[in-house]
Colleague: 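Have a look at this one.
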Amino acid sequence: MPQPTDTAIMVIGGAEDKVHGRDILRSFFLRAGGEDARIAIFPCASREPVVIGERYHTIFTEMGAKAIEVLNICDRAQCDDPIVQEYVSTCTGIFMTGGDQLRLCALLSDTPVMEIVRSRAQSGSVTLAGTSAGAAVMGYHMIAGGGSGESPNSSLVDMTLGLGIIPEVIVDQHFHNRNRMARLMSAVSAHPDRLGIGIDEDTCALFEGDGTLKVLGKGTVTIIDPGEVTYTNRAEVGATDPLCICNLRVHILSQGCYYDLNKRSSGSSP
């Protein structure tokens, strides 16, 4: 089993505090090395990448980071740039902003830069954070869109491929804030070998190197585990018909709680 490291993969539900305590962003800054941090910001999911990139640049500068680069990838060819690859290979923190997860995947998936990011995050040699759209892309399977306010059904969620940084999970963000429980359940019913991770706003699911997930922030992280499901009618009903899913396990965790991804069990820190 991998040993705990200072680095982590931080999956943020969006709308994290950028003004007052900035607890989640400060945790990223500290795990990336504090004043010695060398941070790469990817704002390319946003429609206004220059504006959003500068906002995070200002935040991490105010915290004391000495080296920050905003890597505004607007064309996949930029991922072939050896200068960009060198910075991503040597930085201590990588931050992916919100916006449109489909745009983010279109620009970064299957590029040399993304291979470096994925490899370094999985080996624990960099702290990686993604918020909102930057969180949605973490799994191998990704929620591209969908509805809310209905019972779980197959048409409620649109799925595509994500960046595969944490392949075993399906992430949904702005979770309780936008009533997305049924959407995530619908996604998990289609991929019962994955864990559903629903993250509220100003909340972070922090994946440690030892296989545990810890919760930071003001809201909750919801974990939907289909590992012991005994029956689902998914194959027998139409796309808009309500789903039956029996023995689905749900954990709702707040700050101070953890989830063991290997044992699939949860608890609270002493």
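In this chain, numbering begins with 1 at the start of the sequence shown. A quick note: this is a predicted structure, and the numbers were derived from the prediction, not measured.
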Colleague: Would a 4.5 Å heavy-atom cut-off, applied to side chains only, mark Pro226 and Arg249 as touching?
Modeller: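 They are not in side-chain contact.
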Colleague: Can you find a heavy atom in the side chain of Tyr259 that is under 4.5 Å from one in the side chain of Lys214?
Modeller: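 Sidechains of Lys214 and Tyr259: no contact.
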Colleague: Do His191 and Asp193 come within less than 4.5 Å of each other through their side chains, counting heavy atoms only?
Modeller: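 A side-chain contact exists here, since the closest heavy-atom pair is under 4.5 Å.
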Colleague: Donor-acceptor pair, Glu35 side chain versus Ala65 backbone, under 3.5 Å?
Modeller: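 Looks like no, no N/O pair under 3.5 Å.
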Colleague: Just by distance, do the side chain of Arg234 and the backbone of Leu243 share a donor-acceptor pair under 3.5 Å?
Modeller: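 Not at all, since once roles are kept as given, no pair shorter than 3.5 Å links the two residues.
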Colleague: Honestly curious: do Ile59 and Met96 fall in one hydrophobic cluster under the side-chain, below-4.5 Å linking rule?
Modeller: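 Unlinked, Ile59 and Met96 end up in two clusters.
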Colleague: Which heavy atom in Gln173 sits nearest to a heavy atom in Ala135, and how many Å separate them?
Modeller: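 The answer is CG-CB, 4.3 Å.
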Colleague: Heavy-atom distance under 4.5 Å between the side chains of Val11 and Ile166, does that happen here?
Modeller: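 Side chain of Val11 against side chain of Ile166, heavy atoms only: contact under 4.5 Å found.
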Colleague: Would you please indicate if the ring centroids of Phe95 and Phe28 are separated by under 6.0 Å?
Modeller: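 Yes.
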Colleague: Mind checking whether Thr61 and Ile68 have side chains closer than 4.5 Å, heavy atoms only?
Modeller: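 Thr61 vs Ile68: side chains touch.
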Colleague: Can you tell me if Thr222 and His251 form a side-chain donor-acceptor pair at under 3.5 Å?
Modeller: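 Absent: no donor and acceptor within the cut-off.
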Colleague: Can you find a heavy atom in the side chain of Arg76 that is under 4.5 Å from one in the side chain of Ser109?
Modeller: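 A side-chain contact under 4.5 Å exists here.
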Colleague: Step by step, would you call Ile12 with Ser132 a side-chain contact (heavy atoms from CB on, under 4.5 Å)?
Modeller: CA-CA 6 Å; Ile12 307 166; Ser132 192; over 6 Å; no
Colleague: Applying side-chain contact (heavy atoms from CB on, under 4.5 Å) to Met181 and Ile224, what does each step give before you reach the verdict?
Modeller: CA-CA 9 Å; Met181 178 73 87; Ile224 299 177; 3.9 Å; yes
Colleague: Of all the heavy-atom pairs spanning Gly21 and Arg26, show the shortest one and how long it is.
Modeller: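 Gly21 and Arg26 have their closest heavy atoms at O-NE, 4.0 Å.
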Colleague: Taking Asn153's backbone N and O only, do any of them form a donor-acceptor pair with Ser186's side chain (distance below 3.5 Å, no angle check)?
Modeller: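 Checking the backbone N and O of Asn153 against the side chain of Ser186, a donor-acceptor pair under 3.5 Å is found.
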Colleague: Check for a donor-acceptor pair, side chain of Thr212 on one end and backbone N or O of Glu208 on the other, with a separation under 3.5 Å.
Modeller: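 Side chain of Thr212 to backbone of Glu208, a donor-acceptor pair under 3.5 Å: no, none is there.
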Colleague: Test Thr220 against Phe175 for side-chain contact (heavy atoms from CB on, under 4.5 Å), laying out the working first.
Modeller: CA-CA 9 Å; Thr220 60; Phe175 192 61; over 6 Å; no
Colleague: So which pairs with a foot in residues 11-24 pass side-chain hydrogen bond (donor to acceptor under 3.5 Å, both in side chains), sequence neighbours left out?
Modeller: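 Output for this query lists Glu16-Tyr56, Glu16-Thr131, Arg22-Glu62.
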Colleague: Hey, quick one: are Val137 and Val113 part of the same hydrophobic cluster, counting side-chain heavy atoms closer than 4.5 Å, chains of contacts allowed?
Modeller: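 Cluster IDs for Val137 and Val113 match.
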Colleague: Taking His141's backbone N and O only, do any of them form a donor-acceptor pair with Arg194's side chain (distance below 3.5 Å, no angle check)?
Modeller: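 Side chain of Arg194 to backbone of His141: no pair is present.
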Colleague: So, Arg38 versus Thr90: side-chain donor-acceptor pair below 3.5 Å or not?
Modeller: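 Yes, a side-chain donor-acceptor pair sits under 3.5 Å.
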Colleague: Show your working on salt bridge (charged side-chain N to carboxylate O under 4.0 Å, His left out) between Arg183 and Asp172 and close with a plain yes or no.
Modeller: CA-CA 8 Å; Arg183 180 167 98 162; Asp172 211 347; 2.6 Å; yes
Colleague: According to a 4.5 Å side-chain heavy-atom criterion applied to Ile, Leu, Val, Met, Phe, Trp and Tyr, with indirect links allowed, do Leu102 and Val157 form part of one hydrophobic cluster?
Modeller: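 No, because Leu102 and Val157 fall into different hydrophobic clusters, even though each may have its own neighbours under 4.5 Å.
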Colleague: Got a second to check how far Leu253's CG is from Leu213's CG, nearest 0.5 Å?
Modeller: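 If we round to the nearest 0.5 Å, Leu253:CG and Leu213:CG are 7.5 Å apart.
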Colleague: Transitively linked via ILVMFWY side-chain contacts under 4.5 Å: Leu261 with Tyr258?
Modeller: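 Per the 4.5 Å side-chain linkage, Leu261 and Tyr258 are not co-clustered.
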Colleague: Hey, quick one: are Phe207 and Leu30 part of the same hydrophobic cluster, counting side-chain heavy atoms closer than 4.5 Å, chains of contacts allowed?
Modeller: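 Hydrophobic grouping puts Phe207 apart from Leu30.
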Colleague: Checking side-chain contact (heavy atoms from CB on, under 4.5 Å) between Ile197 and each of Leu184, Val188, Val169, which is the one that passes?
Modeller: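 The single option meeting the side-chain contact (heavy atoms from CB on, under 4.5 Å) with Ile197 is Val169.
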Colleague: Side chain of Asp100, backbone of Ala45: donor and acceptor closer than 3.5 Å?
Modeller: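 Checking the backbone N and O of Ala45 against the side chain of Asp100, no donor-acceptor pair under 3.5 Å is found.
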Colleague: A side-chain contact here means heavy atoms from C-beta on lying under 4.5 Å apart; do Leu206 and Ser27 qualify?
Modeller: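 Yes, their side chains come closer than 4.5 Å.
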Colleague: Checking side-chain contact (heavy atoms from CB on, under 4.5 Å) against Ile116, which of Thr111, Val88, Ile94, Val126 comes through?
Modeller: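 Of all the options given, the one that passes is Val88.
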Colleague: Does Thr92 use its side chain to pair, donor to acceptor, with the backbone of Gly33 at less than 3.5 Å?
Modeller: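 Checking the backbone N and O of Gly33 against the side chain of Thr92, no donor-acceptor pair under 3.5 Å is found.
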Colleague: Could you walk me through whether Val84 and Gln78 pass the side-chain contact (heavy atoms from CB on, under 4.5 Å) test, one step at a time?
Modeller: CA-CA 8 Å; Val84 174; Gln78 291 174 259; 5.6 Å; no
Colleague: Does the distance from a Lys or Arg side-chain N to an Asp or Glu carboxylate O, for Asp6 and Arg31, drop under 4.0 Å?
Modeller: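 Salt bridge flag = no for Arg31 with Asp6.
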Colleague: Within the side chain of Gln122, is there an N or O that forms a donor-acceptor pair under 3.5 Å with the backbone of Ile165?
Modeller: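 Checking the backbone N and O of Ile165 against the side chain of Gln122, a donor-acceptor pair under 3.5 Å is found.
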Colleague: Are side-chain heavy atoms of Cys91 and Ile39 found at a separation under 4.5 Å?
Modeller: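 No - every pair of side-chain heavy atoms lies 4.5 Å or more apart.
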Colleague: Where the side chain of Asn177 meets the backbone of Glu201, is there a donor-acceptor pair that is under 3.5 Å apart?
Modeller: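 Indeed, once roles are kept as given, a pair shorter than 3.5 Å links the two residues.
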Colleague: Would you say Asn233's side chain and Glu236's backbone share a donor-acceptor pair under 3.5 angstrom?
Modeller: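 Here the side-chain-to-backbone pair does not exist.
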